[in-house]
Structure formats: structure tokens, C-alpha cells
J.: 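Quick one: this structure, given as C-alpha cells, is what I'll be asking you about.
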Amino acid sequence: MTGPFAPYDPGPTRRRRGRAPRFRRVPLRLILPNLVTLLALCSGLTAIRMALESRWDYAIGAIVIAAVLDALDGRVARLLKGTSKFGAELDSLADFVNFGVAPALILYSWLLQEVRSIGWIAALIFAISAALRLARFNVSIDDPNKPAWSVNFFTGVPAPAGALSVLFPVYLEFVGILPHWPELAPAVAVYVVVIALLMVSRLPTFSGKKLGTRVRRDLVLPLFVAAVFLVALLASYPFEVLALGAAAYLVSIPFAWHWYERYRKADPAVEDADEAALGAEDEDTDLDHLSEDDKDDAP
């Protein structure tokens, strides 16, 4: 007795009958960096949950953990030689949630909701600025015309630093400096917009990519001690350390611009490119004037 359905015949294939299809195996070194990125994404989503439950300390702790994991996933990928386009795209999507959406919702749930639409607009501007910042970074990362020294600088405030800096008012409240007054919500909204503009600006900021690549032998043990001391401080006085770190980072922006200008002026290639650009602008201006003269001479 035959069944009611005819067997499925996929047609001729190159594989021999009776053999199961072979699947390409993915090396573990390609998976581990993506797992770190997914852990960071889980931490960012947990921060959103903590914000909805008004547990601000846990929400900020989740953002800090996401920032630490975000700093590790790229280094793990380079160490294991497991960089991939998939990992880069996943990292950008996770960064948008962790450092764009989550801080915006934390700030709105914390105080910005007191001014309703104004606070929500400020939160939207910050989240959108984070998305634009990440998109610009992905486009410019493969620019072959960048000078070698540009690796020391970011263009604008990076998303993790922007997320930790925009939460500066929350740190001040937990330290006891800033009271939780609804009247302060407009000022906080202005501060959020300022940080958002810094993220999409062209201002150079320190990148720190070269830190930790090579350490002198005599500095290894002091580095371990300093790392343990910093972790102990962060665990014992989290909001004080975060407040000082955010303030120090914002103060460092003018110094980053100063050093960037020094590098740029010392690089002859950049100087030649600037002169060529100015010459092109002058030529365009002369052509415009010539066209106007031609119009005046026309009958």
C-alpha cells in the first residue's frame, strides 16, 4: 500500500546518494568575539529593564558592563584573528542599543519625563545621534587616505564614551551633589542635546587604541596593581569614580583637539591636501566670477 503523498524528489545533485550533506564548520575563534558582543547586548537590554523598574544603580551598572564588553570584543577578535564583517555589523547594532537607546530611556525615566515632550525630544536626539555616529564610523573605518597617526583619534565622541558621559547628572544625584528636582529637567535636557551634538561633531577625541598593545616588562606588575586598585575603587565608590571619569573625559576634548592640530600641521601630506583643497575652492570662485562677467558682457 502506497502513501497518499508522493516522495519528494529534489532532482539530480552532485552529491552521491546516501550521503548526508556536509556543512561548513565555523572556527571557534570567529564565534567567541560575537559571543562577547551578544553578552554586551544582553547587558544593554537589562539596563533598559532596570530603568523601567526605576532601579537606576543597576541600570547604570549594566551600561558600564556593556562598555567593558564592547572594549573587549574587538580586542578578542584581533587577538584570535577572528574579525569578520558579520561581527562588525553585529557590534554596531549592539552599540546602538547599548549606548544609544538604553541611556536615552534611562534619562527619560529618571528625570526627563518631568518635562514630557521636551525631555522625549532630547532623548530622541541622543539616540539618533548615536545611530548617526556609528554609521559614520562604519563608513570611514576603511578610508585608505587616513594618515597613520589618525588611529590615535576618533571623529566626535564615540558611542560608549557618549553614553557614560550623558549619564553624568545621574552620577551627581547618587553622589549627593545634584538634587532630584523636576525644575532641573530642562537643564538636563540641554546637557543631553549637547552630548548628542558632540557625538556627531567633527571634533577629534582621544581613541586610546594604542593603549595596552605593548607594555614594558618593568611596568607589568605596577599595571596589575593599578588595575586592581581601579576595579576596587569602582566597586566601592562606583558613582564617584564614574562622575570623575566623565568629567575628566569631557575636559580632555580640548586637549585632544590641540594634539590633533599638532599632528596635522606636522604631516606634510595633510598640509598639501589642505592647500590643494583651498586651491580648488579659489579656482571655483574665479570661474564663478568669470561666468558673471560673461553675463554682464552679453547683449
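From a predicted model like this one, the values you see are computed outputs, not experimental measurements.
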J.: Any chance you could measure Leu172, atom CG, to Leu242, atom CG, to the nearest 0.5 Å?
T.: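 If we round to the nearest 0.5 Å, Leu172:CG and Leu242:CG are 11.0 Å apart.
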J.: Distance-only, no hydrogens or angles: does the Arg136 side chain make a donor-acceptor pair with backbone N or O of Val200 under 3.5 Å?
T.: yes
J.: If you take all heavy atoms of Leu111 and Pro182, which pair is closest and at what distance?
T.: CD1-CA, 4.2 Å
J.: Assess the residue pair Val101 and Leu105 against the criterion (side chain to side chain contact (heavy atoms under 4.5 Å, CB included)); give the C-alpha distance rounded to whole Å, side-chain angles, the decisive distance to 0.1 Å, and a yes or no.
T.: CA-CA 6 Å; Val101 177; Leu105 292 179; 3.9 Å; yes
J.: Starting at CD1 of Ile31, measure out to CG of Leu80 and round the result to the nearest 0.5 Å.
T.: 11.5 Å
J.: Could you check Phe99 against Asp70 for side chain to side chain contact (heavy atoms under 4.5 Å, CB included), going step by step and ending with a plain yes or no?
T.: CA-CA 10 Å; Phe99 311 123; Asp70 178 70; 3.9 Å; yes
J.: Go through the steps for Phe126 and Val193 under the test side chain to side chain contact (heavy atoms under 4.5 Å, CB included), then give the verdict.
T.: CA-CA 6 Å; Phe126 179 81; Val193 173; over 6 Å; no
J.: Under 3.5 Å, side-chain donor or acceptor atoms of residues 158-171 against the rest of the protein: list the pairs with distances, not counting sequence neighbours.
T.:
unit_1: Ser165; atom_1: OG; unit_2: Ala161; atom_2: O; d: 2.7
unit_1: Tyr171; atom_1: OH; unit_2: Leu164; atom_2: O; d: 2.9

J.: Look only at the side chain of Ser43 and the backbone of Ile65, and say whether a donor-acceptor pair between them is shorter than 3.5 Å.
T.: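 No: the side chain of Ser43 does not pair with the backbone of Ile65.
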J.: Restricting to non-hydrogen atoms, name the atom on Ala102 and the atom on Gly44 that form the minimum distance, rounded to 0.1 Å.
T.: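 Distance-wise, the nearest heavy atoms are CB-O, 3.9 Å.
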J.: Does Phe154 reach the side chain of Ser207, with side-chain heavy atoms less than 4.5 Å apart?
T.: yes
J.: Who are the side chain to side chain contact (heavy atoms under 4.5 Å, CB included) partners of Leu233, not counting sequence neighbours?
T.: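 Residues passing side chain to side chain contact (heavy atoms under 4.5 Å, CB included) with Leu233: Phe229, Tyr237, Val241.
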J.: Check the hydrophobic clustering (I, L, V, M, F, W, Y; side-chain heavy atoms under 4.5 Å; chains of links allowed) and say if Tyr108 and Met199 are grouped together.
T.: yes
J.: Can you see which heavy atom on Ala40 is nearest to which on Ala66, and at what distance?
T.: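 Closest approach of Ala40 to Ala66: O-CB, 3.7 Å.
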J.: When you group the ILVMFWY residues by side-chain heavy-atom contacts below 4.5 Å and let the links chain together, are Val188 and Val175 in the same group?
T.: yes
J.: Strictly distance-based, threshold 3.5 Å: is any side-chain N or O of Asp95 a donor or acceptor partner for the main-chain N or O of Leu134?
T.: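 A pair under 3.5 Å: no.
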J.: What pair of heavy atoms forms the shortest contact from Val115 to Ala185, and how long is it?
T.: CG1-CB, 3.7 Å
J.: Side chain to side chain contact (heavy atoms under 4.5 Å, CB included), that's the test. Do Val157 and Ile253 meet it? Break it down for me.
T.: CA-CA 9 Å; Val157 174; Ile253 294 178; 4.0 Å; yes
J.: Hey, does Leu132 have a side-chain heavy atom less than 4.5 Å from the side chain of Ile128?
T.: yes
J.: If you round to the nearest 0.5 Å, how far is OG of Ser117 from CG of Leu112?
T.: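 The OG atom of Ser117 is 12.0 Å from CG of Leu112, to the nearest 0.5 Å.
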J.: Mark yes or no for whether Arg133, through its side chain, and Ser201, through its backbone, hold a donor-acceptor pair below 3.5 Å.
T.: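 Pair absent, no side-chain N/O of Arg133 close to backbone of Ser201.
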J.: Compare all side-chain heavy atoms of Ile195 with those of Leu250 and state whether any distance is below 4.5 angstrom.
T.: yes
J.: Does any part of the side chain of Leu93, heavy atoms only, come nearer than 4.5 Å to the side chain of Val97, both counted from C-beta?
T.: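 They are not in side-chain contact.
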J.: In Å and rounded to the nearest 0.5 Å, what is the OG1 to CG distance from Thr37 to Asn98?
T.: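 If we round to the nearest 0.5 Å, Thr37:OG1 and Asn98:CG are 9.5 Å apart.
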J.: Quick check on the hydrophobic clustering: are Leu184 and Trp120 connected, directly or via other members, by side-chain heavy-atom contacts under 4.5 Å?
T.: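 Hydrophobic grouping puts Leu184 with Trp120.
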J.: State, to 0.1 Å, how close Pro204 and Ala256 come at their nearest heavy-atom pair, and which atoms those are.
T.: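 Smallest heavy-atom distance, with atoms named: O-CB, 3.4 Å.
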J.: If you take all heavy atoms of Gly100 and Ala130, which pair is closest and at what distance?
T.: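 Shortest heavy-atom contact: CA-CB, 3.7 Å.
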J.: Keeping the roles fixed (side chain from Glu261, backbone from Trp257), state whether a donor-acceptor pair exists under 3.5 Å.
T.: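 Such a contact is absent between Glu261 side chain and Trp257 backbone.
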J.: With a 6.0 Å cut-off on ring centres, are Phe206 and Tyr249 close enough?
T.: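 No; Tyr249 has its ring centre 6.0 Å or more from that of Phe206.
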J.: Counting only heavy atoms not in Leu124, do more than 12 fall under 6.0 Å of its CG?
T.: yes
J.: Decide yes or no on side chain to side chain donor-acceptor pair (under 3.5 Å) for Glu173 and Trp110, but give the supporting numbers first.
T.: CA-CA 11 Å; Glu173 178 183 327; Trp110 171 66; 2.5 Å; yes
J.: When rounded to the nearest 0.5 angstrom, what is the spacing between CZ in Arg49 and CZ in Arg55?
T.: 6.5 Å
J.: Can you confirm whether more than 12 heavy atoms, excluding those of Phe153, are under 6.0 Å from its CZ atom?
T.: yes
J.: Can you tell me how far apart CG (Leu90) and CG (Asp73) are? Round to the nearest 0.5 Å.
T.: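 One gets 8.5 Å once the value is rounded to the nearest 0.5 Å.
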J.: For the residue pair Tyr263 and Asn152, establish whether any side-chain heavy-atom pair is separated by less than 4.5 Å.
T.: yes
J.: When you check the side-chain N and O atoms of Ser92 and Asn138, is any donor under 3.5 Å from an acceptor?
T.: yes
J.: Under 3.5 Å, is there a donor-acceptor pair between the side chain of Asp91 and the main chain of Gly87?
T.: no
J.: Listed by chain and number, what are the salt bridge (charged side-chain N to carboxylate O under 4.0 Å, His left out) partners of Arg116, not counting sequence neighbours?
T.: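 If we apply the salt bridge (charged side-chain N to carboxylate O under 4.0 Å, His left out) test to Arg116, skipping adjacent residues, there are no hits.
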J.: In the single-linkage hydrophobic clustering (I, L, V, M, F, W, Y; side-chain heavy atoms under 4.5 Å), do Leu203 and Val251 co-cluster?
T.: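 Leu203 does not cluster with Val251.
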J.: Count I, L, V, M, F, W, Y as connected when their side-chain heavy atoms are under 4.5 Å apart, and connections chain through other members. Are Trp181 and Val192 then in the same cluster?
T.: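 Yes; Val192 is reachable from Trp181 via cluster members.
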